[in-house]
There are 2 protein chains.
Amino acid sequence: MIAPVQPPPDRVSPPPEDAQDGVSAARDPWVLEEVGALTRETLGERVTAELRALLVAGRLAPGEKLSLRRVAEALGVSMMPVREAVSRLAADRALEVLPGRAVRVPMLTLGQFRELTRLRLVVEGFAAEEAARHATPEQIAQVAAHEAAFRRAATADPPDAAGAVAANRDLHFALYEAAGMPSLIEMIERLWLKAGPILNIDMRGEPRRLKGGSAMQAHAALLDALRRRDSAAARAALEADIAAAAAHIESVGRLAS
Amino acid sequence: MIAPVQPPPDRVSPPPEDAQDGVSAARDPWVLEEVGALTRETLGERVTAELRALLVAGRLAPGEKLSLRRVAEALGVSMMPVREAVSRLAADRALEVLPGRAVRVPMLTLGQFRELTRLRLVVEGFAAEEAARHATPEQIAQVAAHEAAFRRAATADPPDAAGAVAANRDLHFALYEAAGMPSLIEMIERLWLKAGPILNIDMRGEPRRLKGGSAMQAHAALLDALRRRDSAAARAALEADIAAAAAHIESVGRLAS
DNA sequence: CCAACCTAACTGTGATCACAGATCACGACA
DNA sequence: TGTCGTGATCTGTGATCACAGTTAGGTTGG
């Protein structure tokens, strides 16, 4: 279930230190600039990313309990980075630590879920408007690629639920990326982190929502609006997508009291 | 500068365990219900709250460096809870940990500040609308009380800068509380956490912005709209408040490149 | 007088240990 | 047979230690 943490591909042991140059050009780093500050990722950040991915994909069900030691063992790291990751996610209410005992995935009440949905309509709707205004052709092409991937996964037989969830996420965030507002994306990521477990839990196993096609319809309308740079239409399409998904979740009703 | 962490007033040693009852009424907990789950606050949470308060109040300047060990010593706790607090705040981009060296308060660029301002307009504007629709008379009275406190602090001679900052914060969040959307408040708190250091840094020492009175004017309009339950006017007043503050910050220009 | 080196102090990160408290299963008593 | 006490086990929290990497300051060599 939880994959062991792999060493990051760009992880490099101490910087080459540029040993082969003499005195000249010591202040002109040539290509050294474009290697770009080699992002050193701490173990805690990697565990955080791992757990975040599991949450937004619905791989961790609401109410599911986690144990720091178990997660640490599963990921092949010490308990310390897991503590850091859980602490961060708990600060975002993406996980909750029970007063006495374990940490678990929060169980949303109907009221909480509806609030989250309203906030998504406001924030992601705004992002869609901005994206329609500022998207470059390349960015639109990326959204289109993810839209195609989603359609393929949804119409496959049998439907590729995991692929559809991933493509849906990529599509949405490619759109939001086009808004060019990093803090906005962070906000949306936090919303997805809270809504992900309940939104995507029943995707795997019984992807009945994919059959309806409302998501594909909304995505197509969104892409069309994006190409026409029609911000109002983009917002409307995205709101339809969110509303349809929320209505489905409410109908199957796995929400808490 | 950093106050030592006090033991929480409601901290209680293990629950009374109700030793004096016999067999009867064992299922009827009398008054035991109303004691209410005694909220146990962990040390890490307290340090987090302390740092958050310092950030939103502008007591920590952008670019200021923190040291885990120093903060721990100043607060009279071990390094561990401070690590947790900094880790959480760093996840919110309210602090940033430099790859090699210390942790510091982020320095916003002009672009980042403008993005934050736009997001505040969207999110807090929405909150103001909702608050105008759903505020109870008691909540409106609370907003009014904070508004009066702000006016007193701003018009005092000499101006009570710290008091004005606190009253301004209380006023805004009393308003947002009236919207009745907890996750929305969390979102706004995160925005304030990022904008606080730059928004309030020059309040203390040289509270020249208070003289202008634009804040008092916007607050009065906001309160009036709230009483008339005019959501559009409430949003407009709040947007004017935010825009005026942002314009002032940009004019004094302590923003990074 | 300036620059380069080098050492000492300090940084966050991660691991390990200790501990209070909660849960759960088992067994004794009514 | 049902209920309560009780100990073993596991939980997150906090403290302490070890370490690689960085910074700053002093010193030496030019």
Side-chain angles (χ1 to χ4, degrees), chain A residues 5 7-8 11-19 21-24 26-27 37-48 51 64-91 95-104, chain B residues 5 7-8 11-19 21-27 37-48 51 64-91 95-105:
Chain A
V5 172
R11 175 80 175 203
V12 180
S13 39
E17 194 53 44
D18 191 20
D21 75 329
V23 195
S24 74
R27 302 186 313 212
L38 62 101
T39 67
R40 276 185 315 168
E41 202 174 358
T42 176
L43 262 180
E45 294 173 25
R46 294 253 296 295
V47 176
T48 305
L51 290 180
E64 188 165 344
K65 284 186 296 185
L66 296 182
S67 156
L68 296 190
R69 289 174 175 84
R70 305 268 272 278
V71 174
E73 192 177 5
L75 264 59
V77 300
S78 141
M79 209 172 70
M80 206 67 208
V82 180
R83 272 176 73 174
E84 185 176 330
V86 168
S87 176
R88 291 181 182 183
L89 293 170
L95 290 178
E96 64 181 1
V97 302
L98 284 287
R101 198 149 162 56
V103 31
R104 71 172 185 189
Chain B
V5 171
R11 174 80 175 202
V12 180
S13 41
E17 195 54 44
D18 191 21
D21 75 328
V23 193
S24 75
R27 303 187 313 212
L38 61 101
T39 68
R40 278 184 314 168
E41 201 174 359
T42 177
L43 261 180
E45 294 173 24
R46 294 252 296 295
V47 175
T48 306
L51 291 180
E64 188 165 344
K65 285 185 297 185
L66 295 183
S67 156
L68 297 190
R69 289 175 176 84
R70 305 270 272 280
V71 174
E73 192 177 6
L75 265 59
V77 300
S78 141
M79 209 173 69
M80 207 67 209
V82 179
R83 272 175 74 172
E84 185 177 329
V86 167
S87 176
R88 291 181 182 184
L89 293 170
L95 291 177
E96 64 181 359
V97 303
L98 284 289
R101 196 154 163 55
V103 32
R104 71 172 185 188
V105 182

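In what follows, every chain begins at residue 1, and chains take the letters A, B, ... in the order their sequences are listed. These numbers come from the heavy atoms of this one structure, side chains and all, not from hydrogens, waters or symmetry mates.
- Minimum heavy-atom separation, B:Gly44 to B:Thr48: O-OG1, 2.7 Å.
- In this structure, the CG atom of A:Leu75 is 15 Å from the C1' atom of C:dG14, given to the nearest Å.
- Not counting sequence neighbours, the partners of A:Arg88 by the salt bridge (charged side-chain N to carboxylate O under 4.0 Å, His left out) test are A:Glu84.
- Here the closest heavy-atom approach between residue A:Ala102 and residue A:Leu66 is recorded as CB-O, 3.7 Å.
- An OP1 or OP2 oxygen of C:dG14 is reached within less than 4.0 angstrom by a side-chain nitrogen or oxygen of A:Thr42.
- Considering only residues two or more places apart in sequence or on other chains, B:Arg69 meets the side-chain contact (heavy atoms from CB on, under 4.5 Å) condition with B:Ser67, B:Met79.
- Not a single donor-acceptor pair, N or O on each side, falls under 3.5 Å between the base of D:dG14 and the side chain of B:Arg83.
- Inter-residue side-chain proximity for A:Met80 and B:Arg83 is flagged as met; some heavy-atom pair is nearer than 4.5 Å.
- The nucleotide whose nearest atom lies closest to any side-chain atom of B:Val97 is, among C:dC24, D:dT16, C:dT13, C:dT13.
- Heavy atoms only, all atoms of each residue included: A:Ser78 and A:Ala72 are closest at O-CB, 3.4 Å.
- The distance from atom CD of B:Glu73 to atom P of C:dT11 is 10 Å, rounded to the nearest whole Å.
- Between the CG atom of B:Leu98 and the P atom of C:dC10 there is a distance of 19 Å, rounded to whole Å.
- At whole-Å resolution of the value, CD in B:Glu41 and P in D:dG14 are 11 Å apart.
- Shown here are the side-chain contact (heavy atoms from CB on, under 4.5 Å) partners of A:Glu73, two or more places apart in sequence or in another chain: there are none.
- In this structure, CG of A:Leu43 is placed 13 Å from C1' of C:dG12, rounded to the nearest angstrom.
- To the nearest angstrom, P of C:dG12 lies 13 Å from CD of B:Glu96.
- Distance, A:Glu84 CD to D:dG12 C1': 16 Å, rounded to whole Å.
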Nucleotides 7-11 of chain D: which of its N/O atoms have a protein N/O under 3.5 Å away?
from   : atom 1 : to       : atom 2 : distance (Å)
D:dT11 : OP1    : A:Ser67  : OG     : 2.9
D:dT11 : O4'    : A:Arg101 : NH1    : 3.2

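- Nucleotide C:dT13 holds its P atom 17 Å from the CE atom of A:Met79, rounded to whole Å.
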